[in-house]
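Below is one structure, written out as structure tokens; the observations come after it.
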Amino acid sequence: MVREWDPGTASAAEIEAVLRALNEIVAHDVPEDPPWRDIKFREYLAVTMPGERRTSWLAVDESGGVLGHASLLALEEIGVLELSVRPAARRGHVGTALLAAVARRAAEEGFESVGVEVIGGTPSIKFFESFGFECAFIEQRNLLDLGGVDWLRLGEMAAGIGAGYRVEYHPGGPPEQHYAAYAAAKEAARASVVEDLALRPSSYDAERLRASLATLHARGLKPYIVLAVHEASDTIAGLTEVVVPAQRPTRADQYDTIEVPAHRGYGISRAIKARMLFELRAAEPHLLDVQTWNATENEPLLKVNAELGFKPDREWREYDADVIDLLRRLKNA
């Protein structure tokens with residue numbers, strides 16, 4: 001049975017059951033990943049940005065045991081779905097039933113398409129492709145084992161920024177007086193970034209940045225920011241963001257790393273990412289590794305990550321499907 005589910009008001013027992021199911025899936029599909037913890041896990045599932053809506057569903061057996069979970073996040077132009085099924089419940093149409101619930105809601109919301117992130121090397125690829133999802137964008141996940149970092153070499157890289165720039169570290173987010181310049185730096189770099197499906201939209205204006213930071217904290221995700229500031233103009237020339245989730249405190253997530261086009265060629269990305277790793281070592285003593293995602297076309301940043309010690313891990317794919325076609329395929333499944 002599939003039923004709509006609100007993690008914000010669900011019982012503690014249901015939240016715990018969803019967490020257990022998620023960790024079974026992680027252990028089976030991506031055993032190299034750390035398990036999730038019940039620290040602000042409810043908030044992680046329930047909290048959204050202002051103006052966004054997330055609807056969730058549970059698939060349960062006759063005794064109420066959780067078999068799978070799905071959600072649909074309503075963004076401006078696309079519905080973003082997540083779907084997971086416990087390994088023992090697969091091939092029993094649980095995933096199909098959850099996907100049907102998501103597709104019906106997407107149609108009701110007026111979305112023409114839905115998108116999903118799929119981890120390479122997992123059964124999800126075959127599942128979504130069987131329902132007509134097409135791969136639109138591929139990233140490579142890279143992992144950095146902090147236990148193997150050459151910190152002496154990293155110190156040289158952190159000091160290698162060009163003259164006329166200073167590096168600032170801001171745990172928790174940039175100071176509010178930097179919001180407008182921070183968002184402007186992202187906007188300036190957006191035109192040169194390889195476009196994906198925007199399943200993880202960024203913050204290109206000050207108000208959205210403010211809301212994004214508040215949402216991160218409410219979900220139990222602690223951001224760390226390192227900036228490169230052009231001293232002559234006192235403008236942000238580059239930035240890098242890392243988030244440490246309370247639910248997985250041993251693995252940090254690299255978010256955006258940006259060089260404003262007018263300031264490229266001064267070693268900014270390398271210096272600020274190296275500085276970030278030093279700050280993380282001090283601020284998060286339990287941290288074991290950092291994961292980042294890069295488009296295969298982004299050769300400059302791939303080179304920087306390789307110099308820092310990141311190693312290729314898995315593909316991360318973004319798929320999308322036409323909602324009407326998806327409903328037709330589900331009806332015939």
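Treat the numbers as computed from the prediction; the structure is a model and nothing was measured.
Under the 4.5 Å side-chain heavy-atom criterion for grouping Ile, Leu, Val, Met, Phe, Trp and Tyr, L239 is not connected to Y266 through any hydrophobic cluster. L288 and L154 fall into different hydrophobic clusters, where Ile, Leu, Val, Met, Phe, Trp and Tyr residues are linked whenever their side-chain heavy atoms come under 4.5 Å apart, directly or through other members. Following chains of ILVMFWY side-chain contacts shorter than 4.5 Å, one can reach L330 starting from V85, so the two form part of one hydrophobic cluster. One hydrophobic cluster, built from ILVMFWY side chains closer than 4.5 Å, cannot hold both V47 and L216; they sit in different ones. Under the 4.5 Å side-chain heavy-atom criterion for grouping Ile, Leu, Val, Met, Phe, Trp and Tyr, I268 is not connected to Y255 through any hydrophobic cluster.
With 3.5 Å as the limit, one finds a donor-acceptor pair spanning the side chains of H263 and Y165. For the residue pair S71/S56, the side-chain donor-acceptor check at 3.5 Å is not satisfied.
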query: Which is it for R251 and D33 under the side chain to side chain contact (heavy atoms under 4.5 Å, CB included) test, yes or no, and what are the steps along the way?
result: CA-CA 9 Å; R251 173 169 291 178; D33 283 13; 2.8 Å; yes
(request) For salt bridge (Lys or Arg N to Asp or Glu O under 4.0 Å), just list the numbers for E241 and K186, CA-CA rounded to whole Å, side-chain angles, deciding distance to a tenth of an Å, and then say yes or no. (result) CA-CA 12 Å; E241 309 162 328; K186 288 200 169 191; 2.8 Å; yes
key: From CA spacing to verdict: side-chain hydrogen bond (donor to acceptor under 3.5 Å, both in side chains), E129, Y319   = CA-CA 9 Å; E129 288 181 348; Y319 282 80; 2.7 Å; yes
Discussion item. Run the salt bridge (Lys or Arg N to Asp or Glu O under 4.0 Å) test on E168 and R166 for me, step by step, so that the C-alpha distance in whole Å, both residues' side-chain angles and the decisive distance to 0.1 Å come before the verdict.
Written reply: CA-CA 7 Å; E168 299 180 359; R166 71 174 183 271; 2.8 Å; yes
(request) Could you give me the CA-CA distance, side-chain angles and deciding distance for R90 and D29, then say whether salt bridge (Lys or Arg N to Asp or Glu O under 4.0 Å) is met? (result) CA-CA 12 Å; R90 292 172 182 172; D29 293 348; 2.8 Å; yes
Practice item. Using the salt bridge (Lys or Arg N to Asp or Glu O under 4.0 Å) rule, take D253 and R248 through it: C-alpha gap first, then chi angles, then the decisive distance, then the call. Key: CA-CA 10 Å; D253 299 330; R248 294 181 292 110; 3.0 Å; yes
Check your understanding: Are V149 and L144 close enough, and set up right, to give a side chain to side chain contact (heavy atoms under 4.5 Å, CB included), and what steps lead you there?
Key -> CA-CA 8 Å; V149 169; L144 174 64; 4.0 Å; yes
Intermediate values then yes/no, side chain to side chain contact (heavy atoms under 4.5 Å, CB included), Y179 and D205 = CA-CA 8 Å; Y179 280 9; D205 64 73; over 6 Å; no
- Given the rule in the side chain to side chain contact (heavy atoms under 4.5 Å, CB included) test, do N305 and N294 qualify, once you have shown the distances and angles that lead to the verdict? CA-CA 9 Å; N305 285 338; N294 299 106; 2.8 Å; yes
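Pairing each heavy atom of A271 with each of I161, the nearest pair is CB-CB, 3.8 Å. Closest of all the heavy-atom pairs between V118 and S124 is CG1-CB, 3.6 Å. Contact between V114 and V323 at its shortest, heavy atoms only, is CG1-CG2, 3.9 Å. Minimum interatomic distance between L308 and R270 (heavy atoms only, all atoms of both residues): CD2-O, 4.5 Å. Across all non-hydrogen atoms, the minimal contact from E139 to A295 is CG-N, 4.2 Å. E14 and W5 make their closest contact through OE1-NE1, 2.8 Å (heavy atoms, listed as atom of the first residue, atom of the second, distance).
At distances below 3.5 Å, at least one donor-acceptor pair connects side-chain atoms of R86 with backbone N or O atoms of V66. A donor-acceptor distance shorter than 3.5 angstrom exists from the side chain of D145 to the backbone of G147, with no hydrogens or angles considered. Put simply, the side chain of N332 gets close to the backbone of R328: a donor and an acceptor are under 3.5 Å apart. Between the E43 side chain and the A218 main chain, no donor and acceptor come within less than 3.5 Å of each other.
For the atom pair NZ (K40) and NE2 (H217), the distance works out to 9.5 Å, reported to the nearest 0.5 Å. Rounded to the nearest 0.5 Å, atoms CG (D313) and CG (L143) are 4.5 Å apart. Between L19 atom CG and E24 atom CD the span is 10.5 Å, to the nearest 0.5 Å. To the nearest 0.5 Å, atom NE2 of residue H178 and atom OG1 of residue T235 are 10.5 Å apart. Note that NZ of K273 and CG of L301 are 5.5 Å apart. Values are rounded to the nearest 0.5 Å. Between atom CG of residue L221 and atom OG1 of residue T215 there is a gap of 9.5 Å, rounded to the nearest 0.5 Å.
Residues F278 and W151 form a side-chain contact, since some pair of their non-hydrogen atoms from C-beta on lies under 4.5 Å apart. Counting heavy atoms from C-beta outward, W316 and Q140 have side chains that stay 4.5 Å or more apart. Side-chain contact between I225 and Y182: present, with at least one pair of heavy atoms (C-beta onward) separated by less than 4.5 Å. Inter-residue side-chain proximity for I272 and L227 is flagged as unmet; no heavy-atom pair is nearer than 4.5 Å. Taking the side chain as every heavy atom from C-beta outward, L287 and P249 never approach each other to under 4.5 Å. The side-chain heavy atoms of W293 and N142, taken from C-beta on, include no pair separated by under 4.5 Å. A heavy-atom distance below 4.5 Å is found between the side chains of E284 and Y224. Using a 4.5 Å heavy-atom cutoff, the side chains of F128 and L81 are in contact.
By the 6.0 Å contact criterion, CD on E307 is enclosed, its count of non-hydrogen atoms from other residues, nucleotides or ligands being greater than 12. Heavy atoms from other residues, nucleotides or ligands lying under 6.0 Å from CD of E299 number 12 at most. Within a 6.0 Å sphere centred on CD of E112, heavy atoms belonging to other residues, nucleotides or ligands number 12 at most. Within a 6.0 Å radius of CZ in R91, other residues, nucleotides and ligands contribute 12 heavy atoms or fewer.
Scored by the salt bridge (charged side-chain N to carboxylate O under 4.0 Å, His left out) test, R37 finds no partners at all (sequence neighbours excluded). Residues meeting the ring pair (Phe, Tyr, Trp, His ring centres under 6.0 Å) test with F131, sequence neighbours left out: F127.
In this structure, R3 is not positioned above the aromatic face of W57 in the sense of NZ or CZ being under 6.0 Å from the six-membered ring centre and within 45° of the axis.
With respect to E108 and R53, no salt bridge is recorded, no charged nitrogen being found less than 4.0 Å from a carboxylate O. Remark: R314 engages E32 in a salt bridge, criterion side-chain N to carboxylate O under 4.0 Å. One finds no salt bridge joining E109 and R105 here, because no Lys/Arg side-chain nitrogen approaches an Asp/Glu carboxylate oxygen to under 4.0 Å.
Here the rule is side-chain hydrogen bond (donor to acceptor under 3.5 Å, both in side chains) with R141, and of Q291, E315, Q254 only Q291 fits it.
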